[in-house]
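For reference, the structure discussed in these notes is given below.
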Amino acid sequence: MFSIPGKQAVTMTTPAVAQIRKLMQRDNRHGLRIGIKKGGCAGMEYTMDYVDAAEPHDEVVEQDGARVLIAPMAQMFLFGTEIDYETSLLESGFKFRNPNVEDACGCGESIKFKDLDELRAEQGHS
């Protein structure tokens, strides 16, 4: 839906690819669907869910055996995002480096996106 020819909607780091592939294999799933929903102190939150099949308008990104599907309503907000997987002594989890985020809460779980018109202009849509 909101794509640029020759450019993937999102990219994944090597650790993210390894973790997504591991989750897909462990639970015998088609991939992980990434989306956004209202919530959190900054207004929006990322979602990740297992999927058994792609929906008709999902954007499918595959990299080295890892597959993420982007829900239609989230595609414009996630375009250009790098997905990483970080492990530390206290926590492990997916991290989103998203150029479309204007602000985030201190814990990083909740985000605020740039104005919709600004996003469209940056992505070349009118």
Side-chain angles (χ1 to χ4, degrees):
M1 287 184 129
F2 294 97
S3 62
I4 295 175
K7 181 171 169 120
Q8 288 189 322
V10 298
T11 58
M12 296 175 267
T13 64
T14 301
V17 166
Q19 184 64 20
I20 291 169
R21 198 171 48 227
K22 177 180 168 184
L23 292 171
M24 288 171 58
Q25 291 170 352
R26 182 188 74 192
D27 294 325
N28 197 28
R29 299 297 183 128
H30 181 70
L32 294 176
R33 178 174 288 116
I34 301 170
I36 55 171
K37 68 176 184 174
K38 290 185 179 187
C41 53
M44 303 292 280
E45 298 175 323
Y46 294 111
T47 63
M48 290 186 87
D49 299 297
Y50 290 111
V51 293
D52 292 321
E55 296 290 327
H57 297 290
D58 283 345
E59 177 77 21
V60 179
V61 177
E62 294 186 59
Q63 185 177 322
D64 299 326
R67 184 179 302 115
V68 294
L69 301 92
I70 306 170
M73 295 302 291
Q75 291 172 11
M76 181 171 30
F77 297 104
L78 294 175
F79 193 82
T81 297
E82 178 187 67
I83 303 169
D84 193 11
Y85 188 80
E86 296 178 355
T87 303
S88 70
L89 289 173
L90 297 176
E91 65 181 0
S92 297
F94 288 100
K95 304 291 181 189
F96 296 83
R97 293 185 189 93
N98 187 336
N100 306 308
V101 169
E102 182 177 77
D103 196 14
C105 67
C107 68
E109 295 291 324
S110 179
I111 49 180
K112 178 182 175 189
F113 291 102
K114 296 175 183 175
D115 178 78
L116 192 57
D117 291 331
E118 185 179 348
L119 281 176
R120 284 189 177 129
E122 286 179 3
Q123 295 174 8
H125 300 286
S126 49

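Residues take their numbers from the sequence shown, with the count starting at 1. On a predicted model such as this, the values are computed, not experimentally measured, just so you know.
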Under the rule for side-chain contact (heavy atoms from CB on, under 4.5 Å), what residues qualify as partners of Arg21, not counting sequence neighbours?
Val17, Ala18, Gln25, Asp64
For the backbone of [Y] and the side chain of [X], can you confirm whether one donor and one acceptor N or O come within less than 3.5 Å of each other?
X     : Y     : result
Thr81 : Val10 : no
Arg67 : His30 : yes
Gln19 : Tyr85 : no
Gln75 : Ile70 : yes
Asp84 : Arg97 : no

Verdict with supporting geometry, Ile36 and Tyr46, side-chain contact (heavy atoms from CB on, under 4.5 Å)
CA-CA 4 Å; Ile36 55 171; Tyr46 294 111; 4.1 Å; yes
To the nearest 0.5 angstrom, please state how far the CD atom of Gln63 sits from the CE atom of Met12.
4.5 Å
Inter-residue atom distance Leu69.CG - His57.NE2, 0.5 Å rounding
14.0 Å
What closest approach, in Å, do [X] and [Y] show between heavy atoms, and which atom pair accounts for it?
X     : Y     : value
Gly80 : Pro99 : O-CD, 3.4 Å
Asp58 : Glu55 : OD2-N, 2.9 Å
Glu59 : Ala9  : CG-CB, 3.8 Å

How about CG on Asn28, more than 12 heavy atoms from neighbouring residues, nucleotides or ligands closer than 6.0 Å, or not?
no
Would you call Ile34 and Ile83 a side-chain contact if the rule is heavy atoms closer than 4.5 Å?
yes
Min side-chain heavy-atom separation Ile20-Phe94 under 4.5 Å:
yes
